[in-house]
Amino acid sequence: MCSHKPSGNPMWGGRFSVAPDEALERINASIDFDKVLYAPDIAGSQAHARMLVDQGIISAEDGRAIAKGLDTILSEIEAGTFEFSRALEDIHMNVEARLAELIGEAAGRLHTARSRNDQVATDMRLWVRDRAGDVEAGLGDLIAALVDRADEHADAVMPGFTHLQAAQPVTFGHHLLAYVEMFSRDLSRMRDAVVRMNECPLGAAALAGTSFPIDRDATAKALGFDRPARNSLDAVSSRDFALEFLSVLAICAGHLSRLAEEIVIWSTPQFGFVALSDKFSTGSSIMPQKKNPDAAELLRGKTGRINGALIGLLTVMKGLPLAYSKDMQEDKEGVFDAAGSIAVMLAAAAGMVRDMSIDTGAMAGAAGAGHATATDLADWLVRETGIAFRRAHEITGRAVALAEERGCALAELPLDELQAIEPKITEAVFEVLSVEKSVASRTSFGGTAPANVREQIAWWRERLKSGA
Ligand code: ARG
């Protein structure tokens with residue numbers, strides 16, 4: 001006599017005689033975090049059920065019941081009345097179990113020619129694809145904000161730094177456009193990633209495909225994919241689309257973090273180049289005078305979480321045999337968290353860029369400090385006297401040392417003292433020693449001259465208009 005009583009998970013209880021250990025349930029269940037996949041999960045099921053009907057695999061009547069039941073579930077989840085159960089592990093089985101409650105027998109036909117393996121791979125691709133679109137929009141907004149501020153300050157001079165030491169004067173517009181370049185590459189990387197990600201795993205089933213006469217082109221098309229994924233093993237095993245998404249986010253977060261660091265530095269009283277309004281400043285609970293750039297600091301800080309998500313998933317995927325292993329369930333929280341982080345980071349960055357007031361006087365005052373036009377003196381010697389650059393460098397070094405000794409700027413050294421260092425120097429040299437002259441002379445392609453900056457801004461505005 002058979003004493004076997006189905007137990008535990010209703011989806012596969014037939015094979016099991018004892019309920020799962022509480023620790024298994026805790027380590028195994030993903031519903032607490034994968035419930036965010038409900039919309040793509042239901043969309044995937046709708047597409048799958050429709051295709052099953054069209055292919056004559058299930059009846060039209062069952063198809064209608066499934067479609068209606070899934071609609072009900074979608075509205076229950078959106079209304080917050082859906083009861084998620086940990087015993088049902090994940091979003092896929094929570095939805096299917098509720099469907100069975102709602103429509104009975106027919107619910108059991110939905111999983112024909114499908115597995116949770118192709119289902120989850122499809123859900124994740126759809127979810128990540130949507131977030132990629134959000135990131136593109138957020139980047140577009142940040143780029144537009146930077147271009148606007150660059151336009152306002154195309155000819156504001158500021159110190160350009162290397163090693164965070166004053167190097168040569170640059171224009172603030174040029175500095176902001178450097179970030180426009182970075183963020184536009186992030187945007188283009190994200191678009192590239194979406195091109196590769198946009199293949200549909202649905203119908204790969206558990207790993208080997210199915211013997212049912214499914215139409216994978218139809219489900220791919222219904223879900224907005226470019227085509228079905230070609231290899232069923234790859235379709236259920238690969239998460240490089242998520243890795244690529246995280247890589248793009250990590251690079252972008254790095255760029256945001258650098259911008260944030262500059263805002264932190266610029267907004268110190270010591271620099272005073274920019275000030276954030278009360279909208280983007282926080283106070284101190286003990287020091288009444290303080291105004292802190294917390295949002296900028298959090299852009300830097302959140303970069304750590306995004307990098308962590310990337311390294312986490314790279315580590316999860318490393319060394320997994322084909323095809324599906326449950327390790328892959330660990331792809332989710334990092335991706336969800338990183339997507340949430342980048343969204344708020346992009347919004348805060350664009351907000352700060354629009355909000356910050358620029359003290360062009362403080363920037364100009366600092367632009368000449370540290371003998372920032374020394375290169376202009378050396379270049380003048382090369383151009384006007386034919387002295388080789390290496391020697392011009394040395395002569396200029398001596399002039400800088402003299403100015404240091406005198407406690408004055410290069411441009412304030414008397415001509416006869418400059419001539420004592422190098423007799424070929426003439427009055428005309430003072431023409432190039434001002435920071436305005438210095439930046440105006442940097443007209444080589446990609447250089448900092450205001451004229452260049454204006455050209456670049458026009459070019460960016462064209463691109464933004466055409467959505468390129
Ligand atoms: N919750 C699972 C995940 O996120 C779904 C796939 C489960 N597949 C399986 N063969 N146990 O990966």
Side-chain angles (χ1 to χ4, degrees), residues 8-16 19-21 23-45 47-48 70 73 77 82 84-100 108 110-131 197 200-210 219 223 229 231-243 245-246 309 312-339:
N9 194 305
M11 297 292 157
W12 55 64
R15 166 91 175 74
F16 289 69
D21 191 271
L24 169 67
E25 199 167 281
R26 269 201 294 149
I27 197 171
N28 202 29
S30 54
I31 188 61
D32 291 339
F33 49 86
D34 72 13
K35 58 173 106 161
V36 306
L37 293 175
Y38 74 88
D41 193 73
I42 290 172
S45 289
H48 184 67
L70 289 171
I73 293 171
I77 296 177
F82 189 95
F84 292 100
S85 146
R86 255 203 205 162
L88 290 165
E89 267 193 55
D90 56 24
I91 184 64
H92 325 296
M93 293 201 293
N94 270 269
V95 169
E96 200 184 320
R98 177 67 184 136
L99 190 63
L110 172 60
H111 215 52
T112 313
R114 183 179 83 168
S115 152
R116 280 188 296 155
N117 297 351
D118 57 338
Q119 210 183 338
V120 74
T122 305
D123 292 5
M124 279 296 279
R125 283 195 196 225
L126 287 170
W127 194 89
V128 170
R129 192 182 68 188
D130 278 358
R131 296 295 83 72
M197 145 188 346
C200 185
L202 200 58
L207 74 164
T210 175
T219 41
L223 295 169
N231 182 300
S232 62
L233 289 166
D234 172 55
V236 296
S237 312
S238 296
R239 293 293 182 271
D240 53 292
F241 69 89
L243 286 171
F245 175 69
L246 289 174
L313 186 55
L314 283 168
T315 311
V316 165
M317 295 309 294
K318 172 193 167 299
L320 287 189
L322 303 189
Y324 179 85
S325 298
K326 197 60 174 265
D327 312 45
M328 286 160 68
Q329 180 165 284
E330 290 295 318
D331 64 349
K332 298 191 182 54
E333 284 166 289
V335 170
F336 298 162
D337 184 76

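When a ligand or atom number is given, it counts from 1 through the structure's own listing order.
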Checking a contact table here: which protein heavy atom is nearest [atom], and how many Å away?
{"atom": "atom 6 (C) of ligand 1", "value": "Tyr324 OH, 3.4 Å"}
{"atom": "atom 11 (N) of ligand 1", "value": "Arg116 NH2, 3.4 Å"}
{"atom": "atom 10 (N) of ligand 1", "value": "Asn117 OD1, 3.0 Å"}

(Q) Any atom of ligand 1 sitting under 4.0 Å from a heavy atom of Lys332? (A) yes

Q) So is Glu89 close enough to ligand 1, meaning a heavy atom under 4.0 angstrom away? A) no

Q.
Between Glu89 and Lys326, does any NZ, NE, NH1 or NH2 come within less than 4.0 Å of an OD or OE carboxylate oxygen?
A. yes

May I ask you to list the atoms of ligand 1 that are less than 4.0 angstrom from any heavy atom of [X]?
{"X": "Gln329", "result": "1 (N), 2 (C), 3 (C), 4 (O), 12 (O)"}
{"X": "Ser30", "result": "1 (N)"}
{"X": "Asp90", "result": "1 (N), 2 (C), 5 (C)"}
{"X": "His92", "result": "5 (C)"}

Q: Please say whether more than 12 non-hydrogen atoms of neighbouring residues, nucleotides or ligands are located less than 6.0 Å from CD1 in Ile27.
A: no

(Q) Check this for me: Lys318, atom NZ, are more than 12 non-hydrogen atoms of other residues, nucleotides or ligands nearer than 6.0 Å? (A) no

Q) Side-chain contact, heavy-atom cut-off 4.5 Å: Leu88 with Ile31? A) no

Q) Any side-chain heavy atom of Phe241 sitting closer than 4.5 Å to one from Met124? A) yes

**Q.** Closest approach of Pro201 to Asp118 (non-hydrogen atoms, all atoms of both residues)
**A.** O-CB, 3.5 Å

N/O donor to acceptor pairs below 3.5 angstrom from side-chain atoms of residues 327-334, sequence neighbours left out:
unit_1, atom_1, unit_2, atom_2, d
Gln329, OE1, Ser30, OG, 3.3
Gln329, NE2, Asn28, O, 2.8
Asp331, OD2, Arg239, NE, 2.8

